[in-house]
Each structure stands twice: as structure tokens, then as C-alpha cells.
Amino acid sequence: MGRLPSIYVRLAIAVMSLTLGLASVSVQSASLQFDRERVDRMLSATVEDGSLIGVSAVVNVRGEEVYYGDFGFADREAERLWQRDTLATLYSMTKPITGVTLMSLYEDGLFDLDEPLSKYLPEFADVMVLDGMHEDGTPILVEPVRQIKVIDIFRHTACFGYSWDDAPAAIFMAKADLFNSSKPLSRFSTELASLPLFCQPGTAWKYGVSVDVQARLAEVITGRPYEELVIERVLKPLGMQETSYFVSTDRRPRLAAGYLRDKNGNVARQPDSRVYGFRDTKPVQINGGHGLISTIDDYLKFALMLQNEGSLGDVQILRPETMALMARDHLPQSVMDRSFLMTKGQMGFGLNFAVRTAPPTSDAEPFGVEGEFFWDGAGCLLFWVDPANDITAVFFTQMMPFDLNVQAKFRRAVYEAAGIVKQQR
């Protein structure tokens, strides 16, 4: 089925706007001024102009919800509207949840960030670095200048990369089929260790499979499956009952479809087989870097816990000093190669979060506040925590390829609505 005529999109927007207006009259308090209509206009415009098929967003300021809105379709082909309980594939927004799970084990004294990774995962003791290719197509390998440290897999300086990277080492990763869902994390880890690194450890910010290695590290130091750990240490205590690595049949009707825009701007539904939530069977490989499916309210609980220095209500997940450690920039100044990280603004990187180190230098840069930490997902999802203004925001959608422009518009709309930056005309 092709793209629905705009009249249907406008009807969906009108219906959802009416619903939101009825459901959220009491959200805004007298003490908080937030221009909800500013964010409504921005989100509805992204659906009306075809940038997104469906979207939802929630904003919390100083402990109060000041905005929630949803627009468009969770499933365009079925004409099913995006709603507050829509389930969305998180993609890399799984990574911060893994980081918190691992840092709870760090608080238990089960690993040290400055130790060699091979102390806990011996398969990484003999890794090699790709240093070019011979004429016959075989790799030129050299020994690493230093071993991979545990902290490298938190700040993406282990030089693992992803198979979709355009670097030469990605070819070997693609052939290895590391993310085959039938492979347990133990096999994933040993196969990864046999592949050449993309660069010398500690010399570059190379986004990749490091957080999946974190999940394997958790298994080895506890002797338990990673999924049990993330449920026990993060999801269950925070009441994130809708967040999981597998969507049961009875919950499937709430799952958002995935959409893909081609180079001509046409949007087609992705095959359901490429969207984790539509799996018919639970995967054997439970990843740290991707794979979770959640609702926006569940993810908001997680984000609010981060905003509140590791606690949500009476539940403490991490100590404040551990949260401070995670939200601090850990990239050495010597790391000049930062790949796409700098497209997001003046950025450093903490422990599984990007960390904004300076305000924007121009309006062309995505707006943010120094000290903010955040991450996003391939489906264009986003969340951020702004301690300076006590703002927590979550943005859910399911559109590929990743669109930084849409995220930037949402960021700007939130800060304009809060009166922190002047509204643009």
C-alpha cells in the first residue's frame, strides 16, 4: 500500500490533537510555563510534510510532565494511529540501559574500568589491528600499541566498529555475521576477538559493538545470562514492565512498524523481519547495544532516574557519584577522530552517553546545553537529560535512515517552548 493521501494524515493529526487536549488539561502547573502548542506544531508538521509517519514525545521539567503529544501512524498500512502505549524498537537507545546495568555491577566491585578487558574476557588478549591490505586481499595485521581497557568499551575507543562502516575492517565483521540471532553472546565475543580491530585502541571514537561486549562482560563476571541482569537491576525496579527483548503475540498489535526513506524521498514500510519486535521467536543472542522494545512512558522512567542522579521515587538504581561518573566526558583530548559524534554538537562521550561539553556555536548546530547527556537510536529516536534546566525529554519514532534534522527541530521546539531560547520564525 502506498503513502496515504494527506487528508488522512491531517485527519489523524486532528483526532489525536483533540484527544491530547482532553487528556492533558491538568498537566501544566501554574508554576511552569511551557508552550505546548509550539511542540505540537513542530511534531504535527513532521507528519504532514512526510518527514515521519508517526511520532510521540514527552517532556518533563522539574519533576512535572509539561508535554505529551503523538501524531500520525504507528502502522500506516493498517491505518493504526500512534498512541501513548505504542511499542517501539529502541535500536541504540538500548545502550544507555546496558550502561546502567553494567555500572550497577561496577558498584558491586565486580570490575574495574582501568583494567585490561582481557582480565575478564581472555579472548581479547591477542587481538590484532588492521593496518592495510596486501595485493592479494589478505589483511596486514599489527599488534595493538596497548591493550583494550574496560573503559574503552564504554566510551567507544576499543576500535571495534560496525559491519556497516565504510572502513576496511568492516568487511571482516560482515563476513563473520556476528549478530546472527542464533549465536549466544559467548560465541559472539570469541568470534569478534578473532577479527582485526578498526584502529589502535584509545586513538579514535569508533562507534560499534562495544556495548554488546559489555553484555558479555556482565555474563562472565556474574555467571548469569545478561537478560536476567538487565531485568533484575533496571527494568523491574523501575517498573518498566513494557520493555523487553521479545514482544508476545498479545502485545504485537501495539508495535510500531518500521519505515525507510529511499534516496528519492519515498517512504516504504520496512519488512517486518527487520524490526526486532516482530520476531516470532525469542533470539538466543541478547544484545547490549540494541534489541529492546519499549513504550515512551517506560523509557521516560529510565530517563527520569538518570535526571534524579540514579533514583526514581524510593528506588535507587545507582549512587549519585556513579551517575556523575557516567555523565562526565571521558574522551581524551588526544582523540581527534570522533566520526559522526561531532555532527551532534560540541561533544564528548561519557559511559554509554554522549556528553555536551559546550553550547552550540551556531544555529546550524543541534541545540543543547552544556552538561546535557543523551543518546539516540537508528530509527531516529532520542532522549536527553539536561541537569542545568532539569529537563528530561523522550522522542519516539520509527524512521530510517537516521535524520538528525528532525531531532534538531524537536530539540529547538522544546527549548523555545520552555522559554530558554527565542522562538524562530
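- Atoms CD and CD, from Glu219 and Gln214 in turn, are 13.0 Å apart once rounded to the nearest 0.5 Å.
- Counting only heavy atoms from C-beta outward, the side chains of Phe396 and Asp70 never approach each other to under 4.5 Å.
- Listed by first and then second residue, the side chain to side chain donor-acceptor pair (under 3.5 Å) pairs involving residues 167-178 are Asp177-Asn180 (not counting sequence neighbours).
- Panel note: side chain Lys409, backbone Met42; no donor-acceptor pair is recorded below 3.5 Å.
- Annotation: salt bridge (charged side-chain N to carboxylate O under 4.0 Å, His left out) contacts of Arg261 (sequence neighbours excluded): none.
- For Asn287, the side chain to side chain donor-acceptor pair (under 3.5 Å) partners are Asp212, Gln285, His290, not counting sequence neighbours.
- Within the structure, side chain to side chain donor-acceptor pair (under 3.5 Å) contacts touching residues 370-384 (residues at least two apart or in different chains) are Tyr207-Trp375, Lys344-Asp376, Arg356-Glu372, Glu372-Arg411, Trp384-Tyr415.
- With sequence neighbours left out, the disulfide bond (SG atoms under 2.5 Å apart) criterion links Cys380 to no other residue.
- Between Arg412 and Glu365 there is no salt bridge, since none of the side-chain N atoms of the basic residue sits less than 4.0 Å from a carboxylate O of the acidic one.
- Residues satisfying the ring pair (Phe, Tyr, Trp, His ring centres under 6.0 Å) test with Phe160, not counting sequence neighbours, are Phe124.
- Thr281 is linked by a side-chain contact (heavy atoms from CB on, under 4.5 Å) to nothing, counting only residues two or more places apart in sequence or in another chain.
- Using a 4.5 Å cut-off on side-chain heavy atoms (C-beta onward), Met173 and Phe198 make contact.
- A donor-acceptor pair under 3.5 Å is formed between the side chain of Gln398 and the backbone N or O of Thr89.
- Judged by distance alone, the side chain of Glu228 and the main-chain N or O of Arg224 form no donor-acceptor pair under 3.5 Å.
- By the side-chain contact (heavy atoms from CB on, under 4.5 Å) test, Ser339 pairs with Trp205, sequence neighbours left out.
- Between the side chains of Asp297 and Tyr68, no donor-acceptor pair of N or O atoms lies under 3.5 Å.
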message: salt bridge (charged side-chain N to carboxylate O under 4.0 Å, His left out) for Lys282 and Glu227? Distances and angles first, verdict last.
response: CA-CA 12 Å; Lys282 189 174 182 178; Glu227 185 180 18; 2.8 Å; yes
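- No donor-acceptor distance shorter than 3.5 angstrom exists from the side chain of Thr322 to the backbone of Leu318, with no hydrogens or angles considered.
- With salt bridges taken as basic N to acidic carboxylate O contacts below 4.0 Å, none links Lys236 and Glu232.
- At a cut-off of 3.5 Å, with distance as the only test, a side-chain donor of Gln307 or Thr392 sits close to an acceptor on the other residue.
- Taking CD1 of Ile153 as the reference point, atom CG of Asn352 lies at 8.5 Å (rounded to 0.5 Å).
- With a 4.5 Å cut-off on side-chain heavy atoms, Asp337 and Thr203 do not count as touching.
- Between Phe395 and the options Leu381, Leu43, Ile296, Val58, a side-chain contact (heavy atoms from CB on, under 4.5 Å) holds for only Leu43.
- Met240 is listed as a side-chain neighbour of Phe302, based on a closest heavy-atom distance under 4.5 Å.
- Looking at Ile148 and Leu197, their side chains come closer than 4.5 Å, going by heavy atoms from C-beta outward.
- A salt bridge is defined here as a Lys NZ or Arg NE, NH1 or NH2 lying under 4.0 Å from an Asp or Glu carboxylate O, and Asp280 with Arg252 meets this definition.
- Tyr299 places a side-chain N or O within donor-acceptor distance of the main-chain N or O of Met93, the cut-off being under 3.5 Å.
- Between the Glu107 side chain and the Arg319 main chain, a donor and an acceptor come within less than 3.5 Å of each other.
- When Val275, Leu90, Val247 are each tested for a side-chain contact (heavy atoms from CB on, under 4.5 Å) with Ile293, only one passes: Val247.
- For the salt bridge (charged side-chain N to carboxylate O under 4.0 Å, His left out) test, residues two or more places apart in sequence or in another chain that qualify with Lys183 are Glu191.
- When ring centroids are compared, Phe374 and Phe383 stay outside the 6.0 Å threshold.
- Residues passing the side chain to side chain donor-acceptor pair (under 3.5 Å) test with Gln316, sequence neighbours excluded: none.
- The closest side-chain heavy-atom distance from Val213 to Leu121 is below 4.5 Å.
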task: Apply side chain to side chain contact (heavy atoms under 4.5 Å, CB included) to Phe353 and Val385, showing your working.
output: CA-CA 10 Å; Phe353 306 115; Val385 170; over 6 Å; no
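- In this structure, the side chain of Thr94 engages the main chain of Leu292 through a donor-acceptor pair within 3.5 Å.
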message: side chain to side chain contact (heavy atoms under 4.5 Å, CB included) for Gln270 and Tyr259? Distances and angles first, verdict last.
response: CA-CA 5 Å; Gln270 284 188 297; Tyr259 291 92; 5.8 Å; no
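- With sequence neighbours excluded, the residues satisfying side chain to side chain donor-acceptor pair (under 3.5 Å) with Asn389 are Asp386.
- At a threshold of 4.5 Å between non-hydrogen side-chain atoms, the residues Ile420 and Ile391 count as touching.
- His156 has its ring centre less than 6.0 Å from the ring centre of Phe349.
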- request: Please step through ring pair (Phe, Tyr, Trp, His ring centres under 6.0 Å) for the pair Tyr91 and Tyr276, ending with a clear verdict.
  value: CA-CA 9 Å; Tyr91 298 100; Tyr276 302 126; 5.8 Å; yes
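- Side-chain contact annotation: Thr86 with Arg254, donor-acceptor N/O pair under 3.5 Å absent.
- Side chain of Ser189 to backbone of Leu185: no donor-acceptor contact under 3.5 angstrom is found.
- Screening Asp152, Asp165, Thr157 for a side-chain hydrogen bond (donor to acceptor under 3.5 Å, both in side chains) with Lys206, the sole residue that qualifies is Asp165.
- Taking CD1 of Ile221 as the start and OH of Tyr120 as the end, the distance is 7.5 Å to the nearest 0.5 Å.
- A search for side chain to side chain donor-acceptor pair (under 3.5 Å) contacts involving Tyr226 returns Thr98, not counting sequence neighbours.
- In this structure the side chain of Phe71 never reaches within 4.5 angstrom of the side chain of Leu52, judged on heavy atoms.
- Residues Thr295 and Asp85 bring no donor and acceptor atom of their side chains to less than 3.5 Å of each other.
- Relative to the six-membered ring of Phe73, Arg80 misses at least one condition, a distance below 6.0 Å or an angle of at most 45° to the axis.
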message: The test is side chain to side chain contact (heavy atoms under 4.5 Å, CB included); show your working for Met399 and Ile53 and say whether it passes.
response: CA-CA 8 Å; Met399 178 65 75; Ile53 299 301; 3.8 Å; yes
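- Formation of a donor-acceptor pair under 3.5 Å by the Asp272 side chain with backbone atoms of Phe278 is not found in this model.
- Judged by distance alone, the side chain of Asp49 and the main-chain N or O of Ser51 form a donor-acceptor pair under 3.5 Å.
- Shown here for Asp35 and Arg41, the closest heavy-atom pair between the two residues is OD2-NH2, 4.4 Å.
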